[in-house]
Amino acid sequence: MPTFTDPFNQMTPKRTMTKRELVRALRADIAAEEDATSLYEAHVDATNDPLAKKVLQDIANEERVHVGELQRLISILLEDEDDWLAHGTAEVDEMAAEVAAEAGEA
Ligand SMILES: [Fe+2]
């Protein structure tokens, strides 16, 4: 179970992080943002109060912006990050095309 509330989670005391450690910390930060997004959206779905729904969804969307910021930072720090992400995107696009083609054949 992640320990997102520990401010020193995955940090090495008494020295700054290496680039590799920094990227790992940023990936943990992304996971925390995704966890927060899911929590806020669960609360949106669990209430009928219109103002609470609006505020909570706005906060959830802000967390999604933070994910983008953190991912962009990793992409700047690691020259191969975008290549790996593009590889994953291409794999899913290929599967989506296969599913669409299969649906067209039905
Ligand atoms: Fe955030």
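Heads up: numbering here begins at 1 and tracks the sequence. Everything numeric here is computed off the predicted structure, so don't read it as measured data. Order of listing sets the numbers, starting from 1, for every ligand and every atom in it. We use all heavy atoms of the structure for the numbers below, so side chains are in, but hydrogens, waters and symmetry mates are not.
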- Atom name in E33, limited to N/O/S, at shortest distance from the Fe ion (ligand 1): OE1

- Message: Tell me if the CD atom of E94 is crowded by more than 12 foreign heavy atoms within 6.0 Å.
- Response: no

- Task: Check H66 and report its N/O/S atom nearest to the Fe ion (ligand 1), by atom name.
- Result: ND1

- Query: When you check the gap from the basic side-chain N to the acidic O, do R72 and E81 get nearer than 4.0 Å?
  - Reply: no

- E63 atom (N/O/S) at minimal separation from the Fe ion (ligand 1): OE1

- Would you say E79 has more than 12 foreign heavy atoms packed within less than 6.0 Å of its CD? no

- Message: Any non-hydrogen side-chain atom of E33 less than 4.5 Å from a side-chain atom of I30?
- Response: no

